[in-house]
**Q** 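Following this message is one structure expressed as structure tokens.
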Amino acid sequence: MPQTQEASLIESKPVESVMFEHMHGDVLGAGQREPRISWTYSPGQDWDGITGAQIRIRRNMPGEGAREETVVVDYRQNHLHAWPVAPLQPRERTTVAVRLVDEKGSFSQWSDEVNLETGILAAGDRLGAMVGPGWYESTTDWRHAPLMRKEFELKGKPVSARLYLTAYGLVEAELNGRKVGGDILTPGWTSYDDRLLYWTFDVTDLLQGRANALGLWLGDGWYRGRLGFRGGKVNIYGDRLGAYAQLNVTYADGSEEVVVTNAYDRTWKAHKGPIVSSGLCEGEEYDARLEEEGWSEPGFDDSDWEPVTELPLDVDKMAEPISPAVREIGRRRPVSIQQHGSHAYLIDMGVNCTQRLRFNIHGFESGQSFQVQHAEVLEDGELATAPLRRGSQIDRYTSDGKDAVWEPRFTIHGFRYALVEGWPGDLGPDDVTAIAYGSAVERTGWFETSDDRVNQLHDNIVRSMNSNFVSIPTDCPQRDERLGWTGDIALFAPTAAMLFDVEGFLSSWLHDLKVETEKFGSVPYYVPYVPLGEWQTPKVQALAIWGDSAVLVPWAIYMDSGDKVLLGEQFKLVVKWIEEVSGYLSPDGVWDRRPGIVYGQLGDWLDPTAPPDDMAKALTAKELVATAYFARSAGLASRMASELGMEQYRDDYARLADHVKTGFVSRFVGEDGLMTSDTQCAYTLAIHFGLLDGHPDLKEFAGRRLAQLVRDRDYTVGTGFAGTPYVLPALTETGHLEEAYRLFLSEKCPSWLYQVSMGATTTWERWDSMLPDGKVNSGVGMTSFNHYALGSVAEWMYSTLGGLVMTTPGWERFKVAPKPWGPIRNAHVTHKTALGIIDLAWKYEADDGQLIIDVSVPEGSSALVEVGEQSELIHAGSHRLVYAYTV
Ligand code: BGC
């Protein structure tokens, strides 16, 4: 018997992936009292007769019973739906589910429930103090890391318990001898003077009936450890370590108890622990002989531990994270371990990434030590450590004679190879595991094609991103730098947003960008900003691209998420940047004023001609690059204003963009179309930023000239950071698909696949970080093997090779426009959008002259399929489309 519409609705479960704000899954310690709710629909939903979506909100306030509220809303408003009931209170728990309702009042099944619990939101809920050891310490490196502990009695086993935790430095907690949660590097790096994140852990299962103990490990981290290049600096934010812990316990009868860090009752004690020293870049030294068994369990004799002292803390600066924590994101066993000389082992983990080694320690005598040094590549069979500069990445372990499992705690390394010295006996594959760490952003982009080299490149791009999304978006994870360089993420943000849900992660970082910009007068070179080396000018200098991050990063987030609220918050920063740079333009609209730092503008940073010892030297004039980017930013600022309904800004910035474009063309483009810098980068920017759109002849010429330059270089890349994301798009949009593909698929140095052909497992900082003869580029001061910037090519891989092109913010409309060429016979791309999953696979059947496209369009979205001259509009659902086609 055919099912009725009503019966099929009742049995169906059409609502999927309910989430709060940009946070996936259950959320603990949220900062939003009115979190927006999003959900998606399973593909193929029948909308006939559906009248709304019902949201069920179960609320549970501490000390009060549960209550339930339901509201029916427009089912099409399923993306970032405003919180529909009264705001949440601090530490309130809420469970949300959604279902559909039809005109007859029938309902579908409920979606899976998703939980959110708010944090200690108000200053009055933050009952603890920041405490740390009181002993005398030197004011520089190699300071002994402390432990802190407290014992406490509970009146029974609680039904629920939360630990709120933050630190000056880094902290890890143990309750009754067991580690709390799986996060590392808590509380992460923010502009600490403005904001200190506290993290919430569910510790219900770690507590016991009566006697309990809470133990805290502390490390220097970003707060007071040595940061940055040219020797770096210590004590940037303070010279005293401290931790804030607050344990809120709830019993079955609803009563509550709170245990907090404090100095006044002298129950919190500190002692020097087994971590003898620890630096994020230098590595960690651990002496197991200093372990004290049972220190984080009740009944431990801490009579020789010292009472802690209180440190000043402004509890208003404690803030809830909006980005996922740094956690394990993968693990692997060595692919080889080889004896190296008489007393050492060389471990190859198979891939380069941000990771740490965990050792099974056995067969050691007390006092016996081993050390392990980490590096990204080998040179002549030895670890290449010169590119690490000060960041030596050496861990040392001294045994107490007992078997143990050990992994360093407050350091993090970027490496593929490790040299172990001093290990007694054989080091076997079961003795070592590598744990990869990164901010646990949700994967949203997948790519596969018929060419394995291209797939490897995609893997490398993902790995470099994961390696550098560690609390903040960094340039590299290995040398003594690891800073949130604004230019790198400005260029990579659209790719990042394709590969992972980075809205929360990047918005968190943009918050600090705003704070630092206000504090230092312009968008800093890196954020959080710390004056270092040649980058400490009396006032931060406005630099093109790096400063354009204030526009390009919010735009990338907005395009992927369609989140206007976030865009509105970030728009103030956009205005600040646009207004500031407007003041530096010459009357003709060109940005040729030299910023007062040694390099001036950074221009097309690290183009392939940049000599090893002069990275700032580039083929393309710096003022050309700066002006092009500013025209782009002004144009995007106008579009943002238009999205936000701010007409004045929309018009003003559109005029400004036109003015800058006009200046650009008259200053840098000759009447014959040749540009003053006759380079790949110059034509690329002029084309892709629409700077020649008013001059079709010039644009056409620019496309031809760019294609010629690419041929002249025998299909090798001629761009640096500035031109690379757009060189393939510029060739493609001017009809030079063949040159685009030949360049993309080239294995000659410099090119993307050259790196792959050299065995790269990440994307490199320089095109030739490793030279064809296997030597490391002699510019070791600037030769990382794990920078994501040049991986920005993934944008083109998804849009042109894969054929998936976003056309409106939040993927409400997109294009399916694969452009097969040459040896590439198929591709499969997937992107999890806010509306649901887009899955697009095409294959080219040369024998039949057919292009076969399988695409699924999520509910709430539609797509224009464009193949050659043909186009058609398709709506939600799964489609197979077959076109006559010849490559
Ligand atoms: C970083 C780059 C950064 C650049 C700017 C380098 O040290 O690694 O990625 O953008 O400096 O000068």
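Only this structure's heavy atoms are used, side chains among them; waters, hydrogens and symmetry mates stay out. Quantities reported herein were computed from a predicted structural model and do not represent experimental measurements. One-based numbering, in listed order, for ligands and for the atoms of each.
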**Q** Counting non-hydrogen protein atoms only, what is the nearest one to atom 1 (C) of ligand 1? Give residue, atom name and distance.
**A** Asp475 OD2, 3.3 Å
**Q** Show the atoms of ligand 1 that are less than 4.0 angstrom away from any heavy atom in Leu602.
**A** 5 (C), 12 (O)
**Q** For Trp546, take its heavy atoms, then give the atoms of ligand 1 lying under 4.0 Å from any of them.
**A** 5 (C), 10 (O)
**Q** Have a look at ligand 1 and work out which part of Leu483, if any, has a heavy atom under 4.0 Å from it: side chain, backbone, both or neither.
**A** neither
**Q** According to side-chain contact (heavy atoms from CB on, under 4.5 Å), who are the partners of Arg416, at least two apart in sequence or on a separate chain?
**A** Asp348, Asn352, Thr761
**Q** Taking the side chain from Glu534 and the backbone from Val598, do they hold a donor-acceptor pair closer than 3.5 Å?
**A** no
**Q** Using the six-membered ring of Phe229, assess whether NZ or CZ of Arg479 lies under 6.0 Å from its centre and within 45 degrees of the ring axis.
**A** no
**Q** Please classify the Glu534 to ligand 1 contact at 4.0 Å (heavy-atom distances, strictly less than): side chain, backbone, both or neither.
**A** neither
**Q** Considering only non-hydrogen protein atoms, determine which one is nearest to atom 3 (C) of ligand 1 and report residue, atom name and distance to 0.1 Å.
**A** Trp485 CD2, 3.4 Å
**Q** Taking the inter-plane angle between the rings of Tyr558 and Trp555 on a 0 to 90° scale, is it parallel (under 30°), tilted (30 to 60°) or perpendicular (over 60°)?
**A** tilted
**Q** Checking Thr385 against Gln373: is there a side-chain donor and acceptor pair closer than 3.5 Å?
**A** no
**Q** For ligand 1, which atoms have a heavy atom of His787 less than 4.0 angstrom away?
**A** 1 (C), 2 (C), 8 (O), 9 (O)
**Q** Between Tyr715, Trp796, Trp767, which is the residue that forms a ring pair (Phe, Tyr, Trp, His ring centres under 6.0 Å) with Trp752?
**A** Trp767
**Q** Answer yes or no: does an N/O atom from Trp605 fall short of 3.5 Å to an N/O atom of ligand 1?
**A** no
**Q** What I want to check is whether the side chains of Ser508 and Arg195 have a donor and an acceptor closer together than 3.5 Å.
**A** yes
**Q** Who passes side-chain contact (heavy atoms from CB on, under 4.5 Å) against Arg327, sequence neighbours left out?
**A** Asp183, Ala325, Ala440
**Q** Using non-hydrogen atoms of the residue, decide whether Arg482 is closer than 4.0 angstrom to ligand 1.
**A** no
**Q** For ligand 1, which part of Tyr599 has a heavy atom less than 4.0 Å away: the side chain, the backbone, both, or neither?
**A** neither
**Q** Without hydrogens or angle criteria, can the side chains of Ser278 and Thr411 be said to hold a donor-acceptor pair below 3.5 Å?
**A** no
**Q** Would you mind listing which atoms of ligand 1 come within a distance below 4.0 Å of any non-hydrogen atom of Glu765?
**A** 8 (O)
**Q** Considering only non-hydrogen protein atoms, determine which one is nearest to atom 9 (O) of ligand 1 and report residue, atom name and distance to 0.1 Å.
**A** Asp488 OD2, 2.5 Å
**Q** Which ligand 1 atoms are under 4.0 Å away from a heavy-atom of Met782?
**A** 6 (C), 7 (O)
**Q** Measure the distance from atom 7 (O) of ligand 1 to every protein heavy atom, then report the residue, atom name and distance (to 0.1 Å) of the closest one.
**A** Glu481 OE2, 2.4 Å
**Q** Can you sort out which atoms of ligand 1 are near Trp535, meaning under 4.0 Å from one of its heavy atoms?
**A** 12 (O)
**Q** As a test of understanding, state which of Thr724, Asp607, Thr620 forms a side-chain hydrogen bond (donor to acceptor under 3.5 Å, both in side chains) with Thr719.
**A** Thr724
**Q** Check contact between Tyr525 and ligand 1, using heavy atoms of the residue and a distance below 4.0 angstrom.
**A** no
